[in-house]
Amino acid sequence: MQRTKDIALAARRLKDGGLVAFATETVYGLGADACNDRAVAAIYEAKGRPSFNPLIVHVNSVEAAQQLGDFTPAARDLAQAFWPGPLTLVVPRAANCRVSRLASAGLDSLALRIPAHDQARALLDEFGGPVVAPSANPSGKISSTRPEHVLTGFADHEGLVLDGGNCAIGVESTIVSCLGAAPAILRAGGLVAADIRQVCPNCETNQHNNTSVPVAPGQLLSHYAPDAPVRLNVEKPQADEAFLAFGTADTANPQTLNLSPSGNLGEAAGNLFAMLHRFDEMGVEKIAVAPIPETGLGRAINDRLRRAAAPRP
Ligand code: TXA
Ligand code: MG
């Protein structure tokens, strides 16, 4: 992969059917022209992603989104309230939807999002069409929140990385299905459930965190995995464990990284993937993780950590 800051070059690469990783406020995405079957197929290949796992389509306006999918009143309200932002809406594909069928992995629905990152939006403007982008990491591995993570994860790939700095939120978007009568949260993420319920009080939490049956098709149990095995809810790490701390940590363990010394969940989300990457770089043998409160952004953090700790296939 090659790093660039040239948006025009990146947009041209997308038009030519190439892959361009770009920053969003959540994580880096590995982007391709959503209407080009070959380009979409190249994403699955580059990531080693199972073909049953559909992709999120990124657009730059609510109007563009509504041309691709059919919005219920609830979907409209959520889009109005939270776009651009860390929210993905799953809606039925519109009758004349131009997005590659491969992107929705054979489903009749489509996941749509308007990112809140100036450079991502400039890229979407310059490209002038929908861009599919899964998180820019090899399938099952840790998501990327810095350009260096993408460069390492896809070292041998010929694509581009549009350098947009570090991602401000650090965990992926919250996915809400707007297919049924009531909207349902399929994946906890950067937009917290309490905020969604302000707009849609009947929104369901439909997460099955401890099952291997995926709800969003890509929500496989083992995911976001660092090289070392992960042990959760650890108050005091063993001597041979690296420690991912949260809040005040009284450990003498030299391999300690603290998600947020002050116990701030937003700061912890922003640090989560970068610190797991750091443990990979350090080559640690085992990782113990401190308990994280299951509130607000803590839900998304704990969801990622549970998958990082799950038995590997
Ligand atoms: O923050 C994010 O959402 C990032 C940035 C780049 O936008 N993208 C991201 O993509 O996290 P990815 O591919 O890592 O995760 C997309 C998730 C998968 O779990 C997939 O199964 C689900 O979205 N998904 C996509 N289309 C869907 C659909 N039609 N119905 C249900 N789930 C869907
Ligand atoms: Mg991902």
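Whatever order the structure lists them in is the order used to number ligands and atoms, beginning at 1.
- Residue-ligand proximity, Pro134 to ligand 1, at heavy-atom distances under 4.0 Å covers atoms 10 (O), 12 (P), 13 (O).
- Remark: Glu285 does not engage Arg231 in a salt bridge, criterion side-chain N to carboxylate O under 4.0 Å.
- Less than 4.0 angstrom separates some heavy atom of Ala111 from each of these atoms of ligand 1: 25 (C), 26 (N), 27 (C).
- In this model, a donor atom of one side chain and an acceptor atom of the other lie less than 3.5 Å apart for Ser104 and Arg93.
- Here the shortest heavy-atom distance to atom 15 (O) of ligand 1, taken over His58, Arg187, His223, Arg93, belongs to Arg187.
- No side-chain donor-acceptor contact under 3.5 Å links Ser100 and Arg38.
- Backbone or side-chain N, O or S atoms of Ser143 do not reach the Mg ion (ligand 2) at under 2.8 Å.
- Remark: ligand 1 and Tyr28 share no N or O pair separated by less than 3.5 Å (distance only, no angle test).
- At least one heavy atom of Ala133 sits less than 4.0 Å from an atom of ligand 1.
- Numbered from 1 in the order shown, with element, the atoms of ligand 1 that lie under 4.0 Å from a heavy atom of Ile175 read 17 (C), 22 (C), 23 (O).
- Under the 3.5 Å distance criterion, with hydrogens and angles disregarded, a donor-acceptor pair is assigned to the side chains of Asn137 and Ser135.
- Side chains of Arg121 and Ser61: no donor on one and acceptor on the other come within 3.5 Å.
- Inter-residue side-chain proximity for Asp108 and Pro92 is flagged as unmet; no heavy-atom pair is nearer than 4.5 Å.
- Checked against a 3.5 angstrom limit, the closest N/O atoms of Glu172 and ligand 1 fall outside it.
- Remark: aromatic rings of Tyr224 and Phe273 are close, center separation under 6.0 Å.
- The part of Leu55 lying near ligand 1 is the backbone, judged by heavy-atom distances below 4.0 Å.
- The closest side-chain donor-acceptor pair between Arg187 and Thr88, if any, does not fall under 3.5 angstrom.
- With a heavy-atom cut-off of 4.0 Å, Arg49 touches ligand 1 through its side chain alone.
- Close contacts between ligand 1 and Gly29 involve ligand atoms 6 (C) [criterion: under 4.0 Å to a heavy atom].
- Partner Ile185 forms a side-chain contact (heavy atoms from CB on, under 4.5 Å) with one of Cys200, Ser177, Cys203 and no other, that one being Cys203.
- In terms of N/O distances under 3.5 Å, ligand 1 is approached by Asn53.
- Considering Ser109, Ser177, Pro115 only, the shortest heavy-atom separation from atom 29 (N) of ligand 1 involves Ser109.
- By the 3.5 Å distance cut-off applied to N or O atoms, Ser135 is counted among the residues near ligand 1.
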